[in-house]
Structure formats: structure tokens, C-alpha cells
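Letters A, B, ... are given to chains in the order of the sequence lines, protein chains preceding strands, and every chain is numbered from 1. Predicted model, so just to flag it, every value in this text is computed and none were measured. All heavy atoms count here, side chains included; hydrogens, waters and symmetry mates do not.
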Amino acid sequence: MKETIAAISTALGVGAISIIRISGPESIEKVNTIFKGKDLNTAESHTINYGYIIDKNSEVIDEVLISIMKAPKTFTTEDIVEINCHGGIATTKKVLELVLSTGIKLAEEGEFTKRAFLNGRIDLLKAESIMDLINSKSENSRKQAIEILNGSLSRKISSLRFQILEKIITVIEVNIDYPEYDDIEIMTKEKVKNELISIKKQLEKIIQESENGKILKNGINTVIIGRPNVGKSSILNRLLDEEKAIVTDIEGTTRDIVEGNITISGVELNIFDTAGIRKTQDIVEQIGVNKSFEYIDKADLIISVFNNNEELNAEDLEILDKIKEKNKIIVINKADLKQKINLDNLGNNIVFTDTISDNGIEQLKERIVSMFNLDKLEKSDYSYLNNARQISLAKEAYEIIIGVENQIDSEIPLDMLEIDIKNAWEVLGKIIGETYEEELLDQLFKQFCLGK
Amino acid sequence: MKYDIIIVGGGHAGCEAALASARLGNNTILVSSNIKNIADMPCNPSIGGPAKGILVREIDALGGEMANNIDHSCIQVKMLNTKKGPAVRALRAQGDKVLYPKEMLNTMNNTKNLTILENMVEDLIIEENKVKGIILEDSTKIEAKAVVLTTGTYLKSVILCGDKKTESGPHDERPSKFLSENLKKYGFTIQRLKTGTPPRIARESIDFSKLKEEPGDQKEWTFSFFNKPLYKYQNQISCYLTYSTENVHKIIMENLSKSSMYGGYVEGIGPRYCPSIEDKVVKFSDKEKHQLFLEPESKFYDDIYLQGFSTSMPHDIQEKMVHSLPGLENAKILKYAYAIEYDAIDPLQLKNSLETKIISNLFTAGQINGTSGYEEAAAQGLIAGINASQKINNKEPLILKRNEAYIGVLIDDLITKGTKEPYRMLTSRAEYRLLLRHDNADIRLSKYGHEIGLIDDNKYKIFEDKLNNIDQLFQELDNIKLTPTEETNKKLEKYETAQLKDGITLKEFLKRPEITFDTLKELGFIFDYNDDVKEQVEINIKYEGYIKKANKEAEKLLDLDKTKIPEDINYDKIPNLASEGRQKLMKIRPETVGQAARISGVNPADITILLIYLKKENKND
């Protein structure tokens with residue numbers, strides 16, 4: 001049976017509709033498990049189905065259209081599902097992660113085309129060029145992988161694998177193959193449990209670091225929000241140090257999202273200015289307001305601006321409600337004017353800025369540095385798990401370990417649980433791209449004195 | 001003289017090959033240099049154990065002889081790993097070194113179509129890369145359609161003991177001096193391997209009061225699925241346990257350079273899993289003692305095999321070493337330990353069927369292929385015998401997959417990875433060990449044994465009845481419901497299992513790890529089925545999730561095995577293969593894309609390129 005594979009098949013761009021394509025025998029069944037709408041298993045071939053992608057907790061991630069195309073009349077001649085996402089980059093990635101979490105594998109470069117060819121869909125003449133393509137792509141990605149992974153994280157994964165091998169797998173295997181050696185330690189569930197706890201912690205850390213790595217690579221998506229005319233654009237400009245957004249006294253000037261980048265402590269800050277949030281009759285402006293709310297959901301950081309010179313009104317309170325779960329800094333602008341705002345309900349992550357000078361901007365930057373521990377991120381070390389495949393493998397290994405941990409106190413024998421542990425070990429091996437098949441046997445005979 | 005199939009060698013591989021060939025109706029001759037040594041056990045007196053015991057059951061399920069033969073000649077039997085999961089359990093028997101060969105020879109003498117000849121084989125008759133027969137040392141020619149070589153350790157064997165090197169096989173037998181030279185001439189790569197055996201001690205000279213007794217199980221077992229136990233557990237002979245001491249280690253270290261190994265007299269590569277005592281002392285110097293088992297060799301004579309004490313020290317040092325062991329202070333050594341070197345071919349030159357790639361209709365099995373162990377030899381012998389027969393009768397070879405049998409793992413490992421040391425079967429070599437259990441070898445393989453013709457209809461009927469019973473028991477368990485009454489839940493308290501909230505079938509109930517058929521019996525549900533039927537049902541219910549997962553994994557990985565690679569493929573003509581991958585592919589010449597993917601150094605991109613190339617070639621045809 002062929003594996004089912006998935007990938008984002010459209011170019012990534014802000015606001016564009018993106019399509020995630022899934023091909024293989026389990027595509028319909030697996031996507032159905034993360035879909036709220038009609039039962040896709042019963043959907044006719046070549047139909048488009050409306051509904052939602054939901055996560056494990058049944059939370060809606062995106063509103064989607066799903067095309068079902070059943071074998072053999074498809075590009076790859078296998079069952080194909082295409083998910084049309086509407087939520088922009090972050091959401092599309094999230095949907096892809098969900099798809100992968102069902103056990104579907106991330107497609108390799110050119111894999112759909114490869115399948116199409118192998119299943120007889122593509123003209124013979126293209127064969128050579130596909131082979132060229134696969135070769136160069138794989139060579140490139142191999143090089144890339146090596147470059148990316150020769151740092152400390154690769155060492156961490158190697159040493160984690162070695163720990164699993166030496167402390168658990170080898171001992172259990174030796175107990176199986178040499179049951180009568182009384183001088184070999186007998187692996188107990190208690191010992192395995194302790195090892196698993198340590199392994200789990202390290203894996204958690206690796207995954208966490210890869211999230212940090214993401215920040216290093218992709219930057220921090222920062223959204224500036226606030227009611228109209230509280231000074232969002234001037235804050236942006238001061239951060240960017242240039243006149244990018246139009247600053248006027250007329251409310252509602254910034255309707256489009258203006259983007260700018262600055263570097264703080266070596267990390268990119270992607271700043272999105274938004275239209276002022278207020279109740280409006282203007283349809284064009286309303287679109288801008290809605291977009292602002294959309295951006296709040298996707299942001300890593302929210303800079304929420306309030307006017308020092310005015311009391312909080314209903315719109316401010318609505319904003320505060322929208323961002324209460326988010327990573328945020330409250331900026332009280334126009335601090336040079338008389339304070340009318342009540343700070344009681346604004347928390348303590350507050351920075352004061354004024355309208356006529358750069359006062360407070362440095363503080364704002366410092367606050368960002370400390371929130372994301374940017375000064376502590378190891379920036380010279382770019383060896384984090386950088387792509388979805390690697391992160392999904394690390395998470396897969398993590399899930400397997402959790403699964404074993406949950407079962408360890410049951411009556412299931414250790415050698416059965418070890419099958420899963422070995423699986424986690426192999427999955428980790430895929431991240432660093434090195435699985436040496438004799439590794440286990442070598443370790444077995446190195447670690448123990450065996451034989452007759 | 002003219003036969004259908006010739007078997008060269010009468011060890012465990014040769015016996016299985018000869019019996020399979022003859023039983024399949026081929027006029028068969030087995031040539032052995034000494035009939036007395038047919039089915040001989042020149043090293044340890046045991047058969048089975050982890051992984052190996054499963055090989056023996058597989059041989060039985062396919063219609064081979066080893067399981068039946070050891071059932072008739074064992075002096076002690078143990079089920080190992082009973083406290084672990086079902087996937088790793090295995091039987092091991094102490095075999096009687098007199099009875100085992102006697103039983104085997106008896107079976108062979110009573111097999112139709114089988115002739116045994118005592119002679120030394122020196123060369124093959126080869127025409128146009130096809131074997132046509134053999135040439136004996138007196139230049140007699142025997143013609144045949146296929147030849148199976150099972151020469152064991154006899155190819156240019158040299159026995160080593162200290163600085164003494166003797167051209168000899170085990171038991172002072174004559175080695176075969178010319179066959180391996182001739183094989184080299186035909187294009188085979190010859191490698192030199194080494195193994196060793198420990199001293200044998202006279203029973204009456206051992207002080208057993210200082211040793212720990214290791215008795216057999218208090219229950220009878222059989223290797224063969226078709227036999228009832230042929231012994232009473234009370235009549236078993238015990239093994240004993242002792243340990244090496246610091247004094248022994250001191251003697252070894254002081255005399256290290258006198259051993260053949262450390263003195264530099266050995267060129268062959270020995271197995272890591274079977275180190276000599278001097279190796280153990282040197283490589284694990286922090287260990288104060290090493291475990292040694294004393295195993296009786298036969299009830300007809302007094303030799304005790306000192307397992308764990310194989311050495312190539314000269315005799316006088318061996319005396320000192322043995323006498324420093326607790327319980328062996330006054331031991332009389334009946335046979336000194338020795339190391340043995342011998343020639344083997346490179347198994348990369350073999351096909352999946354065990355036919356050689358260079359010479360057609362020539363098959364090899366056992367130590368000549370670089371393996372070690374009676375069970376590994378017998379398994380290959382059986383497959384080589386079957387496939388020699390299939391070949392000359394124009395039938396498809398029997399090829400077992402890695403998820404079907406340890407035999408499949410063994411052969412695939414040999415022909416795909418080759419081996420640099422004598423290859424021993426280990427549980428860790430099988431990635432699908434959960435599927436390859438000793439208890440289900442018949443379910444996995446009897447169909448093949450029957451199809452080929454080694455399992456007759458009567459035996460097959462017994463097997464089919466078992467399958468039917470398994471189905472029936474499954475259904476019964478599915479049809480009976482356990483209701484959550486107060487009374488039932490009260491009874492359940494005793495078993496530390498969750499209380500019932502809803503009614504569940506007995507099948508679901510049995511899924512709970514702490515619940516067994518014994519629990520069901522105590523709850524009043526009695527099922528009148530044999531234990532082996534219940535065992536199958538219970539394992540399949542309890543580990544259903546694991547088994548399904550393993551099956552799915554296996555299917556995915558073995559999908560590539562469906563694509564065959566033509567024998568005459570020219571790898572130079574395939575653009576874009578990475579150079580390491582290309583070299584490996586050219587050397588090993590895998591038969592399927594799956595096998596290619598298992599070669600280390602052949603990367604996934606190479607496999608894709610190979611698949612595309614094959615697809616393209618197919619279309620062009």
C-alpha cells in the first residue's frame with residue numbers, strides 16, 4: 001500500500017487562497033477526521049464540499065472548500081483531496097499540520113509528479129527531466145539539511161537517539177536474545193519510565209527550540225492595533241524610522257495593512273499596521289476593520305495602542321477583550337497630554353510614548369526583547385528543525401513516547417512497548433537523515449559480553 | 001551415475017536439502033565425506049533458543065525435518081522468555097548428540113528417492129555457466145540437473161590451538177582442499193571465517209555440589225506442530241551453571257599471546273556473538289566473572305560441554321584455566337577447545353532462492369553462505385532443497401518475505417547486506433518480530449509447505465482444523481456478552497480490572513491485558529478448545545492494535561518488493577544515479593526494488609530514479 005502524502009500546492013502569499021493537496025489511498029478517510037461538514041467518505045467523486053477544518057478540540061481552524069477526486073481519474077491516479085483554505089499563511093500551515101497529524105506524510109519535492117508518472121499519467125518523454133529534477137532537488141535539500149543540521153540540535157537529536165538506544169532498546173533486546181544471562185541488567189518498567197521522562201523532556205525542549213528557531217527564521221509577526229487616531233501609524237513610523245503609513249488627524253486613514261520590517265536584537269520584527277477599529281458604515285473601511293481582527297488571530301505579538309488623553313470607551317474594551325489571550329504590549333500614547341485614561345484594567349505590560357518625540361520607543365523595543373528572550377536566543381546557531389517535515393517528525397516521536405508512557409503501567413509486556421520505542425528512535429533518525437541499520441547490533445555487542 | 005539433484009555435505013543444511021528434494025519426488029543423492037557425521041552436532045548440544053527456536057518451528061511448518069528430529073532426541077526442553085510478550089517466546093532443547101544424528105540418518109534411510117554416498121567432492125561439472133554435476137576425488141563424475149553445496153566448515157578448514165595449525169575439519173575429519181579453489185575459479189569471492197568451540201569435560205570428574213542446577217521445564221513441549229510430546233518432564237537431564245574467576249582471568253591475561261587469536265595465527269573473522277573466553281576477558285576487563293553453562297551432550301556418554309569457555313589456548317593452558325573454575329578443580333578434559341577457520345562464499349553472489357547468480361542450478365546453504373548455527377543452516381538447506389526442485393521442475397522458487405518468516409529475514413539479510421562475520425539469527429534482526437512469532441509459524445507458512453508438496457493432505461487437515469477452531473472461538477467470544485450486573489462487578493474486583501458500566505462481549509473483555517482465558521473460566525465461561533487455539537485467539541485479541549500496525553508498516557515497506565529488476569539491467573545506462581548507489585547496485589544486483597532500497601548507501605532518490613527508469617523501459621518494450 002502506498003503512503004498518503006500532502007503538501008501546500010499553491011505559492012504562499014498573504015491573503016491568497018491556498019490549496020493543500022493530498023494524494024493516496026487514505027486521503028479521503030483521513031481528511032474526513034479533521035473536517036466538519038458532510039461525511040466525505042460518502043461524497044461523490046469530483047465534487048466540491050463546503051465545511052470547516054477543525055482541530056482535536058473541535059475548534060474551527062478555517063472555513064474551507066474541499067474537492068474530492070477519486071481514483072483513477074485524477075492527476076496521480078490515486079484518490080486526491082484538495083483543501084481550499086481561506087485564512088492566509090498561518091492558517092494554511094496550521095491546516096497542513098493538522099493534516100500531517102492524522103498520519104499523512106509530507107510530500108517530497110516533486111512527489112505528486114513522480115506518482116503521476118509512475119502511475120502512467122504523464123508522458124514518457126518527461127521521464128528524463130523528472131529524473132533530473134528529483135536528483136537536483138534531492139541533492140539540494142540534502143545539502144540544505146546537512147547545513148541546517150550540523151549544529152547543536154543535530155547533536156542533541158543524535159545524543160537523544162543514543163540514549164534511547166543504549167538505555168532502553170539495547171537492554172530490552174539483549175534480555176530477549178540472551179534471557180539466561182544473570183549478569184545483564186534486567187530492564188524493568190520502572191527504569192524505562194524514568195528514561196522516558198528524561199527523553200520526553202529533551203524532546204519537548206527540542207520542539208520548543210525549533211519554535212524559537214522559527215522566530216529566528218521567520219521573524220515575529222507583530223500587529224499594531226487600536227481605535228482610529230490613537231497614533232498607531234506614528235508608533236509604526238517611529239519603529240520603522242520612516243514615513244510609511246500616512247499620518248493625519250482624520251480618523252480612518254489607514255485602511256490597508258501596511259507592512260514594515262525592523263531588526264531588534266538580530267531578530268526580524270514583521271510589523272503590520274491596521275485600520276483603526278471602530279464601528280463604521282463605510283463598507284471599504286469595514287473590510288479594513290475586519291482584516292485587523294483577522295490579523296490579531298495570527299500575530300505572535302500585539303501592540304495595542306490607547307490614547308492617554310481619553311477614557312477607555314466601548315471600542316477600546318472590545319479590543320481589550322479580543323486580545324486578552326494574546327501576547328501583547330499595551331502602549332499608552334500621547335503621554336505628553338493630560339492623563340484621562342484609567343490604567344487599572346490594563347495589566348502591567350505598559351509602555352508610555354508621546355506624540356511629538358521618540359520617548360518610549362526604546363522602551364518598547366526593550367520590552368519586546370525581554371518578552372521573547374531575544375537576548376538569550378542563540379543566534380549564531382541556526383541549527384533548528386526548520387521545516388514542517390522535521391518538526392512533524394519530532395512531534396511524531398514525542399507523541400509515540402507519550403503513548404508508551406501512558407501504557408507503561410498496564411500489563412502490556414515491555415518487549416511490546418519497545419516496538420513503539422524503537423519506532424520513535426527510527427523517526428528521530430529520519431530527522432538527521434542517518435539510519436545505520438547495524439547500529440543496534442553494534443551497540444548490543446559493544447555494551448554486553450555475550451556468547452557461548 | 002545420473003541423478004536429479006546432488007547434495008554435497010551431510011550437515012544440518014544438507015540433510016534438510018536432501019530430504020526436501022527426495023520428498024518432492026526428485027532422484028536425490030547426498031554425498032558426505034563420512035556417513036558417521038551425518039546430522040552431527042560438532043559444537044553446542046542445543047537446538048532452538050530466541051529467534052533460532054522460531055526458525056525451527058518455521059522449518060516444521062514448511063515440511064522440514066529438524067523440529068521432528070529434535071522432538072525425538074531431546075534430553076531437556078525449556079520455553080524461554082515466558083515472562084515477556086508472545087513475540088519473543090522461544091523453545092530451546094538440549095539435544096542428545098548420539099540420538100539426533102541417529103534419528104536423522106534413520107529418517108533419510110527410509111526416504112524414497114534418496115541415496116547416500118560416502119565420498120569427497122572435488123569439483124563441479126559446469127557447462128555454459130550451468131552446473132551439470134560433480135566430480136569426486138577419484139575422478140568419478142555424477143551428473144545432475146541441480147547441485148546444492150552444504151559444505152559446512154569443511155572448505156579448507158584449519159584447526160587452531162595455540163600456535164598449532166592443523167589442516168582438518170571437526171573430529172579430525174579430512175577437510176575439502178580443492179572445492180573452494182575451484183569455486184574461486186568459477187568466479188566466486190571466497191572469504192575466510194572463524195569460529196570456535198569450548199572444551200568437553202568428563203561428567204564424573206565434576207564436583208556438582210559447587211554448581212547451580214539448571215533443570216528443564218516442568219511441562220512437556222514439542223517443536224513440531226504435528227507431534228505430541230515424546231518425553232516425560234521428570235526424565236530430563238539438567239544443565240549446570242558456574243562462573244569464571246579472577247584467577248582464571250589472570251591465567252588468560254598472562255598467557256594471552258599463546259592463544260591462536262592473540263598470537264596472530266588466525267586470519268578468519270570470528271563472530272561477535274560467540275567470543276572466546278580470552279576475548280571476553282580482554283574486551284570486558286571490568287567484569288569480575290563470566291557465566292558458564294555445563295551442558296550434557298548425551299545420555300550415552302559422559303562429555304559435558306562447557307558453554308561460554310571457547311578458547312584457542314594451547315592444551316596446557318586450557319588445563320590450568322579449567323582447573324581454576326569452581327567445581328572443575330579436578331576436571332578431566334576429554335576434548336580440548338579449538339578455533340576453526342574455513343572458507344565461505346560471499347552471499348551477495350546469491351539470489352533470493354539461494355541459487356548462485358554466477359552458475360545457474362547451483363545452490364548453496366549453511367556455513368558456506370557465511371552463517372553460523374544448526375538452525376540457520378537447516379533453514380537454508382530446506383529452502384535450497386525446495387528451490388533446486390522447483391527450478392528443475394520449472395516452477396517458481398519459494399521466496400519468503402521479511403514479514404513472513406525469520407527465514408525470509410535471514411536470506412534477505414545475507415543476499416542484500418552480505419556478512420563479514422558468521423551470521424547468527426537474532427530477534428533484533430527482525431523488524432516485524434511481532435508478526436513472526438513461534439506460536440504462529442504454522443499459520444504463516446503451512447500453506448506454502450502444502451502447496452509445494454512437503455506437507456501432505458493429512459497433516460494439512462490437522463492445520464486446517466486448527467484454523468477453523470480459531471475462527472469458531474473468535475465468533476463464540478464475540479457472541480457472548482458480559483452484562484454489568486452487581487454480581488459480575490463484585491467478582492471482577494478480584495482481578496483488579498475496571499468495573500463494567502455497559503455490557504461488553506467477551507472478546508472486548510479479553511482485550512484487557514489483565515484478563516485471560518483462566519479468568520473467563522473462573523467467571524463460568526468454559527471454552528472447550530486446545531491451548532494452542534486459545535493462545536492464538538488471545539494473542540490476536542490482546543495485541544490487535546500492535547499487530548495491525550505492524551502489518552500496515554510491513555505492507556508499505558514491502559510494496560517496493562513487487563517491482564522486479566531485470567537480471568540484465570545495465571546500471572551505467574541509468575542517468576542521475578548517485579555514484580555510491582550505482583556502485584552498490586552493480587555489486588549486489590538486487591532482484592527487486594525493495595531489496596535495492598534495503599541496501600545501505602542506496603538513497604531514496606536513487607530508488608525513485610530506478611523506479612522511473614524501469615517504468616520507462618517497460619513502456620518501451
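- With a 4.5 Å cut-off on non-hydrogen atoms, A:N423 does not touch chain B at all.
- Looking at A:L414, there are no atoms closer than 4.5 Å to chain B (heavy atoms on both sides), in backbone or side chain.
- Interface residue B:L80: only side-chain heavy atoms are found under 4.5 Å from chain A.
- No donor-acceptor contact under 3.5 angstrom links the side chains of A:S23 and A:D79, judged on distance only.
- Contacts between B:K283 and chain A at a heavy-atom distance below 4.5 Å are absent for every atom of the residue.
- Using a 4.5 Å cut-off between heavy atoms, B:K289 touches chain A through its backbone atoms (N, CA, C, O) alone.
- Both the sub-6.0 Å distance and the 45° axial angle are not jointly satisfied by B:K280 relative to the ring of B:F284.
- Side chains of B:T497 and B:R512: a donor on one and an acceptor on the other come within 3.5 Å.
- Within the 4.5 angstrom heavy-atom criterion, no atom of B:L560 approaches chain A.
- Judged by the 6.0 Å distance and 45° axis criteria, A:R21 is positioned over the aromatic ring of A:F112.
- With a 6.0 Å cutoff to the six-membered ring centre and a 45° limit on the axis angle, B:R429 counts as a cation-pi contact of B:Y423.
- Using a 4.5 Å cut-off between heavy atoms, B:R89 does not touch chain A at all.
- A salt bridge links A:D409 with A:K193: at least one charged nitrogen is closer than 4.0 Å to a carboxylate oxygen.
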